Asks: 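Structure in structure tokens, see below.
Chain A is the first sequence line, chain B the second, and so forth, proteins listed ahead of strands; every chain is numbered from 1. Hydrogens, waters and symmetry mates are skipped; everything else that's a heavy atom, side chains included, is used. Since the structure is predicted, the reported quantities are computational estimates derived from the model, not experimental observations.
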Amino acid sequence: MDYQFKDIEKKWQQFWADNHTFKAENKTNKPKYYVLDMFPYPSGAGLHVGHPLGYIASDIFARYKRLKGFNVLHPMGYDSFGLPAEQYAIQTGQHPSVTTEDNIATYRRQLDQIGFSFDWSREVRTSNAGYYKWTQWIFMQLFNSWYNKEADKAISIAELVAHFESKGSTGINAVCDEEILSFTADEWKAFTEQEQQAELLKYRLTYLRESTVNWCAALGTVLANDEVKDGFSERGGYPVEQKKMMQWSMRITAYAQRLLQGLDTIDWPEPLKEMQRNWIGKSVGASVRFPIASPKSSPKERTSEESAATSLSFGEGRGEANYIEVFTTRVDTIFGVTFVVLAPEHELVASLTTPEQKTAVEEYIAKTKKKSELDRMADTKTVSGAFTGSYVLNPLNGEKIQLWIADYVLAGYGTGAVMAVPSGDQRDYLFAKHFDLPIVPIIDIQNIETEADPTKEGTYINSDFMNGLDYKAGTAAVIAKLEEVGAGKAKVNFRMRDAIFGRQRYWGEPVPVYFKDGLPYLIEESELPLILPEIDKYLPTETGEPPLARAAGWKYTSLSSGEGRGEATYEYELSTMPGWAGSSWYWYRYMDAQNDAEFASEEAIEYWKAVDLYIGGSEHATGHLLYSRFWNKFLKDIGKTPEEEPFKKLINQGMIQGRSNFVYRLIDEEGKGTNTFVSHGLIKEHNTSPIHVDVNIVENDVLNLNKFKEWRPDFADAEFILENGKYVCGVEIEKMSKRYYNVVNPDDLAQRYGADTLRMYEMFLGPLEQSKPWNTNGIEGVFKFLRKFWRLFHDADWNFTVSSAEPNKAELKSLHKIIQKVEQDIERFSFNTSVSSFMIAVNELTDLKCNKRAILHNMVIILEPYAPHICEELWVMLGEQAGTLSYAAYPTFNPAYLVEDEFSYPISFNGKMKTNVSLSLSLSNDEIEAAIRSHADVLKYLDGKAPKKVIVVKGRIVNIVV
RNA sequence: GCUCAGAUGGUGGAACUGGUAGACACGCAGGACUUAAAAUCCUGUUCCCGUAAACGGAGUGCGGGUUCGAUUCCCGCUCUGAGUACCA
């Protein structure tokens with residue numbers, strides 16, 4: 001029979017499902033290997049052709065590893081909480097779980113038809129209570145933990161309480177809020193419960209704080225920074241404003257240093273690591289305090305050194321600070337400081353503005369406020385600012401320095417204040433020039449005539465005790481001096497902020513927290529999961545509360561002691577968890593997906609440990625991949641997981657772009673569109689306008705005229721001006737999108753060519769990591785290849801005919817060449833080249849008319865990861881037992897079959913290849929040179945001239961220099 | 001602006017540590033089979049000159065360099081894509 005992919009694929013997909021062929025065991029003697037895909041959000045649009053790219057690659061790898069004798073964990077699931085389902089619910093009133101359910105069914109059908117070897121018994125859905133129970137549980141652990149800088153890890157909050165009870169607040173070095181109290185053990189014990197809880201909240205790894213959030217009125221929700229693009233929501237493009245709101249936050253900054261260091265230990269693409277490094281944004285420098293020239297009051301009592309510094313610089317509006325604190329990475333330039341600049345939002349601005357300057361400052365602040373985020377960003381050239389009228393003192397020489405405000409200083413970074421060194425910083429330079437402030441050179445070789453010179457070369461001048469020192473010595477000296485006079489110290493600053501952990505939405509995990517006297521308390525672990533309640537409408541309440549406020553009777557009845565069960569009721573937290581909650585730990589759930597007692601059993605985690613290979617898009621670089629690393633480190637700190645990094649190796653598949661096709665409508669003399677369409681090659685001769693045409697009715701850029709007429713009613717009687725009898729379409733590469741009619745759905749291709757062809761073609765398209773436009777131009781070639789492979793097993797009349805004769809040298813050579821090549825290719829994730837190699841091998845075997853079992857048996861195994869259905873079918877036809885192919889032994893490469901005794905040396909003259917000479921590989925270099933020098937062809941090219949030099953690389957090349 | 005990635009025939013791409021540039025596939029052209037078409041098979045296909053051919057020259061975004069030899073390494077530039085946005 002001819003190659004009937006439809007029957008074959010259906011049959012084997014059913015077989016795999018019925019026999020649980022890809023079920024992974026949690027314990028075997030085999031070595032383990034964990035291959036993970038980024039699980040999809042099941043959107044209404046279904047999978048498009050770009051989705052499976054990474055899934056196919058990981059499936060090939062998973063199947064390959066199985067053949068190589070590994071116990072492979074290769075699961076799939078759904079990130080099923082999210083905005084689109086909720087938006088749809090708002091519009092239609094349909095419960096998001098219903099649409100989610102439908103969408104998942106579509107995804108599952110689409111995934112199944114591609115023949116993935118997922119272990120579906122481990123499927124997870126983040127919106128299932130059985131799953132989010134553990135997301136809530138992890139939240140509770142975070143709530144019950146604080147970060148101890150001494151131990152450099154998260155520690156139970158109970159230990160902190162024990163310390164407070166015995167030693168008070170001294171000796172605690174924690175990552176915590178800026179405003180913490182300083183107290184003795186007795187004072188702590190004297191605190192009310194409320195006071196104690198309020199204090200503890202400042203230490204917890206997840207905590208409430210009033211943050212300025214990106215509030216999107218149209219979506220009725222708060223957005224994460226990475227969900228906001230240029231002041232508009234990434235999804236929907238609605239305007240976003242800044243709003244203050246009590247928000248759950250995650251103290252990810254506690255892990256900044258570890259997140260940064262960990263990058264050096266994992267095998268990830270360099271650009272991705274770079275993105276995370278930039279996001280974390282470590283800068284090493286110093287904090288320096290500039291005393292205010294005429295302090296208005298005496299220093300406030302300090303709570304602790306650490307907190308005083310920051311609290312005073314931000315001041316919380318008290319306006320009683322006696323110095324300005326700045327952060328700088330060039331503390332060595334401190335003698336070049338000629339003014340200090342505050343962000344307009346800085347808390348001390350009001351109190352430090354003198355009456356004379358009040359109008360100017362207020363006008364400037366008003367002007368800044370009016371500017372949108374977008375304007376402020378785009379307008380980096382214009383210099384603007386206002387003098388406060390106040391002065392600060394240089395802490396090292398007492399010089400009086402003007403204090404300005406300007407919007408080039410950002411409130412959200414460092415301390416919201418900078419020491420301006422116009423000789424070394426271009427922004428400060430422009431500012432100084434514009435407002436006519438002094439510019440003092442501080443390095444001997446500095447050239448500051450037209451712009452700032454940020455050099456670190458040379459030695460210092462105009463710098464007091466630093467004069468004559470170089471950068472390294474100078475920096476050390478300054479820091480020592482600042483510490484000595486108590487005006488500053490070395491400091492590391494991170495750009496990364498704590499992550500907001502909440503959204504004012506319905507379709508997410510409820511936060512397992514209730515409020516008592518305005519403070520959050522966890523519910524009992526035994527009360528998990530806290531089920532998402534039913535509500536009547538998926539919108540905020542009239543009073544602006546999140547949708548969960550609509551849930552009737554949704555109140556917490558405390559089980560805890562002293563309350564009297566069933567008596568006291570409390571309000572639950574009304575916001576839900578953000579999109580990244582469920583995806584920040586899901587790889588552990590796959591290890592033990594049905595476990596009711598734990599998020600995964602200790603044994604399962606100990607066995608699978610971490611993900612060995614993770615494939616997904618780079619768009620998750622600073623979101624999912626950073627949060628996951630954070631939660632993973634936390635889970636390790638509390639002893640639940642063994643590995644510091646969750647994803648050992650990561651590959652980014654490239655984005656698949658759309659390839660749009662155009663037809664060209666002829667425009668008549670009046671400028672109106674006609675019903676005549678001009679082929680692309682002829683448009684220069686006509687007046688035309690381009691129209692997007694559905695790529696599914698175009699093949700190799702040639703329009704199917706009949707399908708075009710059927711496509712839209714108004715084209716039913718279209719006429720065409722053809723070239724060479726064809727209508728050729730124009731082409732452009734754009735985003736894959738419905739409105740460009742360039743979306744290619746894998747279903748159509750799977751129907752037309754089969755899953756095996758689709759799988760191989762997606763790989764054949766090019767290197768996995770490269771972005772590329774989708775086009776189906778080459779898919780025929782892959783289909784023909786599979787048919788040719790099928791034909792190796794059949795005679796001219798499609799009868800299955802395989803010989804048991806011993807293979808000859810040429811056949812064995814072909815086989816072992818492909819064994820070696822495919823192994824090398826898979827190990828370096830070069831799937832496109834292995835497809836080519838398969839084609840070469842099958843071409844060779846076809847030429848050799850090879851139908852020998854000994855060869856074909858092995859070919860079936862090697863090809864199985866790429867085209868599993870056809871291979872399963874042939875495997876059974878070869879007399880093997882159904883279902884055993886996936887776990888067959890991978891053929892062993894034997895280099896002996898590739899050994900050659902002759903090599904056809906390319907002979908080049910001055911590096912230009914001219915001819916070939918075949919010589920025995922047993923010859924020494926000298927013998928080769930002698931043979932070449934006297935060879936007739938070579939002599940012909942030399943034309944009587946003597947070669948200056950002959951370079952012989954054995955088994956590679958001979959180069960003759962003339 | 002900064003950071004990263006990339007640029008090879010008509011097209012997708014190959015060339016793995018510097019060693020025959022263009023594998024494999026698409027498309028195109030010609031041929032076989034066929035009443036014809038589809039399917040299939042065969043041949044050719046980087047460009048230029050010349051030509052049935054042999055042969056000659058150029059050639060991996062551009063300009064330099066290192067080397068016996070560079071798509072590969074180094075320096076400078078152009079363009080494309082992605083990320084980032086006054087980060088002190």
Asks: Which nucleotide in the list B:C68, B:A88, B:G13 gets nearest to the side chain of A:Leu410?
Replies: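 Nucleotide nearest to A:Leu410's side chain: B:A88.
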
Asks: Report which part of the nucleic acid A:Ser771 touches: base, sugar-phosphate, or nothing (heavy-atom distance under 4.0 Å, all strands).
Replies: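 The answer is nothing, as A:Ser771 stays clear of every strand by at least 4.0 Å.
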
Asks: Decide yes or no, distance alone: a donor-acceptor N/O pair under 3.5 angstrom between the base of B:C68 and the side-chain of A:Asn959.
Replies: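 Check passes, donor-acceptor contact within cut-off.
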
Asks: Between A:Met913 (CE) and B:G22 (C1'), how many Å, whole number?
Replies: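 Atom-to-atom, A:Met913 to B:G22, this comes out as 13 Å.
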
Asks: State whether a side-chain donor-acceptor pair under 3.5 Å links A:Thr915 with A:Tyr941.
Replies: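 Short answer, no.
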
Asks: Rounded to whole angstrom units, what separation is found between the CG atom of A:Asp407 and the P atom of B:C87?
Replies: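 After rounding, the gap between these two atoms is 13 Å.
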
Asks: Taking the side chain of A:Val409 as heavy atoms from C-beta outward, which of B:G12, B:A25, B:A88 is closest to it?
Replies: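 So the side chain of A:Val409 is nearest to B:A88.
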
Asks: For a quick check under 3.5 Å, do A:Thr253 and A:Asp498 share a side-chain donor-acceptor pair by atom type?
Replies: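 Present: a donor and an acceptor within the cut-off.
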
Asks: Say whether A:Thr776 and A:Tyr753, considering side chains only, have a donor N or O and an acceptor N or O under 3.5 Å apart.
Replies: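 No, no side-chain donor-acceptor pair sits under 3.5 Å.
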
Asks: Pick the nucleotide of RNA chain B nearest each of A:Pro767 and A:Asn916; which residue has the one closer to the 5' end?
Replies: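 Looking at RNA chain B, the more 5' nearest nucleotide goes with A:Pro767.
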
Asks: Taking A:Gly616's backbone N and O only, do any of them form a donor-acceptor pair with A:Asn652's side chain (distance below 3.5 Å, no angle check)?
Replies: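 Looks like yes, one N/O pair under 3.5 Å.
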
Asks: Looking at every non-hydrogen atom in both residues, tell me the closest pair between A:Val822 and A:Ser834 and how far apart they are.
Replies: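 Taking A:Val822 first and A:Ser834 second, the nearest heavy atoms are CG2-CB, 4.1 Å.
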
Asks: Just to be sure I understand the rule, does A:Arg495 reach a base, reach only the sugar-phosphate, or reach nothing, if contact means heavy atoms closer than 4.0 Å?
Replies: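 Counting heavy atoms under 4.0 Å across all strands, the contact made by A:Arg495 includes a base.
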
Asks: Closer than 4.0 angstrom, basic N to acidic O: yes or no for A:Glu780 and A:Arg787?
Replies: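 A salt bridge is absent here (no side-chain N lies under 4.0 Å from a carboxylate O).
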
Asks: Is the distance between the ring centroids of A:Phe789 and A:Phe838 under 6.0 Å?
Replies: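 Here the rings of A:Phe838 and A:Phe789 have centres that are no less than 6.0 Å from each other.
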
Asks: Taking atom types as modelled, find out whether A:Asn959 and A:Lys949 have a side-chain donor-acceptor pair closer than 3.5 angstrom.
Replies: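 A:Lys949 and A:Asn959 do not have a side-chain donor-acceptor pair below 3.5 Å.
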
Asks: If you take any heavy atom closer than 4.0 Å to RNA chain B, which residues from residues 826-836 of chain A end up in contact?
Replies: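 Heavy-atom contacts with RNA chain B come from A:Arg828, A:Asn832, A:Thr833, A:Ser836.
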
Asks: Where the side chain of A:Met839 is defined as all heavy atoms beyond and including C-beta, which of B:G56, B:G13, B:C24 is the nearest nucleotide?
Replies: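 Minimum distance to the A:Met839 side chain belongs to B:C24.
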
Asks: For the side chain of A:Phe764, counting heavy atoms from C-beta on, which of B:G56, B:C16, B:C24 is nearest?
Replies: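 So the nucleotide nearest the side chain must be B:C24.
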
Asks: Which one, B:G59, B:C87, B:U20, comes nearest to the side chain of A:Arg427?
Replies: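 Within the option list, the nearest is B:C87.
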
Asks: If you look at every strand shown and take non-hydrogen atoms under 4.0 Å, does A:Asn843 touch a base, only sugar-phosphate, or nothing?
Replies: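 The residue A:Asn843 makes sugar-phosphate contact but no base contact.
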
Asks: Go nucleotide by nucleotide along RNA chain B from the 5' end; which of A:Thr328 and A:Ser837 gets its closest nucleotide reached first?
Replies: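 This one resolves to A:Ser837.
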
Asks: Categorize A:Val961 for me: base, sugar-phosphate, or nothing, with a 4.0 angstrom heavy-atom threshold over every strand shown.
Replies: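 Sugar-phosphate contact only - A:Val961 comes under 4.0 Å of backbone atoms but never of a base.
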
Asks: Which of the following nucleotides, B:U20, B:G56, B:A88, is nearest to the side chain of A:Pro906?
Replies: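 Side chain of A:Pro906 sits closest to B:U20.
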
Asks: By the 4.0 Å heavy-atom rule, please label A:Phe838 as base, sugar-phosphate, or nothing.
Replies: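 The answer is nothing, as A:Phe838 stays clear of every strand by at least 4.0 Å.
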
Asks: Counting heavy atoms from C-beta on, name the nucleotide in B:C4, B:C87, B:C26 closest to the side chain of A:Pro271.
Replies: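 Looking only at heavy atoms from C-beta outward on A:Pro271, the closest nucleotide is B:C4.
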
Asks: Starting at atom NZ of A:Lys273, determine the distance to atom P of B:A82, rounded to an integer number of angstrom.
Replies: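 After rounding, the reported distance stands at 24 Å.
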
Asks: Taking only side-chain nitrogens and oxygens of A:Lys914, does any of them come within less than 4.0 Å of OP1 or OP2 of B:G57?
Replies: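 True: A:Lys914 side-chain N/O within range (under 4.0 Å) of B:G57 OP1/OP2.
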
Asks: Reading nucleotides 39-50 of chain B from the 5' end, what letters show protein touch, with B for base, S for backbone sugar-phosphate only, - for no heavy atom under 4.0 Å?
Replies: -SS---------

Asks: Tell me which nucleotide among B:G19, B:C24, B:A21 gets nearest to the side chain of A:Ile840.
Replies: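 My answer, after comparing the listed nucleotides, is B:C24.
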
